[in-house]
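To keep things clear, I will list the structure first and then write my remarks on it.
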Amino acid sequence: MHPSCPLAAFSAALLLTATMPQLAQARELVGFSDAYSSGTVVVKTSERALYYVLGSGKAVRYPVGVGRASKQWTGTARISGKYLKPAWSPPEEVKRDKPSLPNVIPGGSPTNPMGAAALTLSGGGEYAIHGTNNPGSVGGFVSYGCIRMYNADVLDLYNRVSWGAPVVVTR
């Protein structure tokens with residue numbers, strides 16, 4: 001490719017972009033009038049949306065996958081841990097339903113359901129807000145109670161949220 005040929009350079013860049021794997025993300029800045037303080041994470045299960053409250057009537061909204069009908073929960077928790085490329089051990093209920101799963105899936109593995117990052121929640125260690133290596137599951141009622149996000153979005157949230165930040169899960 002010759003540098004003086006902008007059309008060729010553009011065509012090559014377009015081809016490269018089209019063939020590279022894309023990092024899905026769908027977050028957006030939205031108005032948010034609910035009465036939560038800045039830094040709070042609010043999951044609205046019925047909307048399949050997670051809001052990171054910025055304050056001054058604004059929040060970042062992310063699409064999420066939430067618990068199946070029999071696995072949904074509501075309540076409050078706090079961010080109790082922040083992990084990049086976490087290893088995953090299936091909880092007893094998951095292992096019972098899927099006995100062929102290994103006891104531990106290493107972090108960074110394409111088969112690891114935690115994806116790029118996890119924010120664990122207080123209250124027993126069973127639930128987390130985490131990425132996923134199955135982006136088609138974001139937006140659905142799909143999990144055992146965890147909140148699933150696109151990997152790019154969970155990394156964005158990971159960088160915004162603080163340890164101990166409140167998390168509110170509503171229907």
Side-chain angles (χ1 to χ4, degrees), residues 23-98 101 105 107 111-171:
L23 294 175
Q25 66 89 31
R27 63 186 168 268
E28 61 182 327
L29 184 63
V30 297
F32 190 80
S33 60
D34 293 11
Y36 296 104
S37 60
S38 61
T40 300
V41 174
V42 179
V43 177
K44 294 188 177 186
T45 302
S46 63
E47 292 180 24
R48 291 171 314 285
L50 180 150
Y51 296 85
Y52 178 74
V53 180
L54 300 172
S56 301
K58 299 285 182 196
V60 180
R61 179 174 57 198
Y62 305 88
V64 295
V66 297
R68 299 174 190 153
S70 63
K71 308 297 182 194
Q72 293 174 10
W73 61 278
T74 60
T76 59
R78 294 208 172 264
I79 299 293
S80 61
K82 294 174 66 171
Y83 304 92
L84 292 172
K85 294 185 180 178
W88 180 68
S89 296
E92 283 183 33
E93 182 180 16
V94 176
K95 190 72 169 168
R96 188 174 47 252
D97 290 350
K98 300 174 184 178
L101 283 172
I105 299 176
T111 61
N112 185 319
M114 300 297 270
L119 304 165
T120 55
L121 303 179
S122 63
E126 289 291 314
Y127 300 120
I129 299 167
H130 61 82
T132 182
N133 291 321
N134 179 10
S137 67
V138 173
F141 296 97
V142 293
S143 76
Y144 280 78
C146 286
I147 309 302
R148 291 185 191 173
M149 302 178 75
Y150 292 120
N151 281 327
D153 285 347
V154 78
L155 289 170
D156 181 74
L157 182 63
Y158 179 97
N159 288 321
R160 293 175 189 270
V161 76
S162 300
W163 285 70
V167 177
V168 179
V169 178
T170 69
R171 290 262 184 239

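- A donor-acceptor pair is defined here as one N or O able to donate and one able to accept, closer than 3.5 Å; such a pair exists between the side chain of N151 and the backbone of T132.
- Contact of the C146 side chain with the H130 side chain is registered, since non-hydrogen atoms from C-beta on lie closer than 4.5 Å.
- Note that OH of Y36 is 15.5 Å distant from CG of L54, once rounded to the nearest 0.5 Å.
- The 12-atom threshold is not exceeded at CD of E92, counting heavy atoms of other residues, nucleotides or ligands nearer than 6.0 Å.
- Within the 4.5 Å cutoff, the side chain of V168 has heavy atoms near those of the T76 side chain.
- If you check the side chains of D156 and Y52, you find no donor sitting under 3.5 Å from an acceptor.
- Not counting sequence neighbours, R48 has no partner by the side chain to side chain donor-acceptor pair (under 3.5 Å) test.
- When side chains are defined from C-beta on, L84 counts as touching L155, because their heavy atoms get closer than 4.5 Å.
- The aromatic rings of F32 and Y51 are tilted relative to each other, their planes meeting at an angle between 30° and 60°.
- For the pair D97 and P90, the minimum side-chain heavy-atom distance is 4.5 Å or more.
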**OP:** Applying side-chain hydrogen bond (donor to acceptor under 3.5 Å, both in side chains), run through R148 and S137 and close with a yes or a no.
**Re:** CA-CA 8 Å; R148 291 185 191 173; S137 67; 3.1 Å; yes
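- In this structure a side-chain-to-backbone donor-acceptor pair under 3.5 Å is present from S46 to R171.
- T120 contributes a side-chain N or O that, together with a main-chain N or O of G81, makes up a donor-acceptor pair within less than 3.5 Å.
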**OP:** Could you walk me through whether E47 and R61 pass the salt bridge (charged side-chain N to carboxylate O under 4.0 Å, His left out) test, one step at a time?
**Re:** CA-CA 11 Å; E47 292 180 24; R61 179 174 57 198; 5.1 Å; no
